[in-house]
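Here the structure is laid out as structure tokens; the discussion comes afterwards.
Worth knowing before you read on, the calculation uses all heavy atoms, side chains too, and leaves out hydrogens, waters and symmetry mates. Each ligand, and each atom within it, is numbered from 1 in the order the structure gives.
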Amino acid sequence: MADLKGTVVTWLGHATVHIATAKGTSILIDPFIEQNPKFPKNYKLPEKIDLILATHGHGDHIADLVSVATTHHSTVVGMVELTGWAQSKGVKNAVGMNLGGSWKYEDLTISIVEARHSSGIEDGGKMIYGGEPIGFVISIQDGPVLYHAGDTSVFLDMQLIRDLYHPEVAMLPIGDHYTMGPKAAALAAKYLEAGTILPIHYGTFPVLTGTPAELAGFLEGSGIEVKALTPGESLR
Ligand SMILES: [Zn+2]
């Protein structure tokens with residue numbers, strides 16, 4: 001298990017993750033709360049959410065983006081088309097970025113990396129262009145480097161993410177059907193050379209059949225550790 005040096009990473013079911021750094025910066029990724037069947041029942045979002053990171057425009061990633069950003073006065077970070085849409089819905093503070101870019105905030109550097117998926121935003125029966133889907137690398141000062149892959153297939157350029165950022169913990173979708181499954185996620189883990197994999201985006205709906213046990217099976221002997229959490233549980 002990577003030493004997180006005071007950072008706490010809490011899985012909230014599906015692709016929703018909360019990160020609190022040792023210095024107190026609070027980040028929520030892909031808020032899917034009200035309609036998320038795996039959102040932990042007794043979990044209450046922290047009052048302070050500085051940043052909300054959105055990987056792409058699908059409902060299971062941004063359903064609660066606008067409401068949480070409004071209630072918690074958070075800054076929304078993501079692809080420029082997606083943050084533009086959020087602002088058109090009433091979000092006050094947003095940082096629109098694009099692939100390859102990094103942005104510094106307090107004790108963090110947030111970098112936008114590629115993901116292989118789609119990113120249409122369904123809005124009032126229309127499909128709006130949401131820009132490219134992305135992943136995030138979160139480099140924490142005096143702390144770990146975390147990677148949230150968003151929804152993606154495996155792709156060889158994950159080796160560039162390894163070479164540029166050296167993530168220690170990778171949050172990878174393993175559910176299959178809409179993203180990579182366990183076999184491909186194991187290859188992704190090997191490309192990334194992250195010591196710890198936090199599996200996400202599985203078990204939420206019946207079609208998301210991949211399991212952490214399958215992932216661990218494909219990674220046997222690799223030295224890469226799979227940390228399967230229950231929703232509401234944290235890596236520390
Ligand atoms: Zn998804």
key: W11 and Y202 aromatic ring geometry - parallel, tilted or perpendicular at 30°/60° bounds   = parallel
Any side-chain heavy-atom pair of I19 and V8 under 4.5 Å =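 No, side chains not in contact.
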task = Give a yes or no on whether the backbone of P182 and the side-chain of E214 come within a donor-acceptor separation of less than 3.5 Å.
result =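 No.
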Looking only at N, O or S atoms, find the one in [X] nearest to the Zn ion (ligand 1) and name it.
X	answer
D151	OD2
D60	OD2
H61	NE2

message = Tell me whether R116 is salt-bridged to D151, with the criterion being a basic N under 4.0 Å from an acidic carboxylate O.
response = no
request  = Kindly confirm whether the Zn ion (ligand 1) is within less than 2.8 Å of some N/O/S atom in H201?
outcome  =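 Coordinating: yes.
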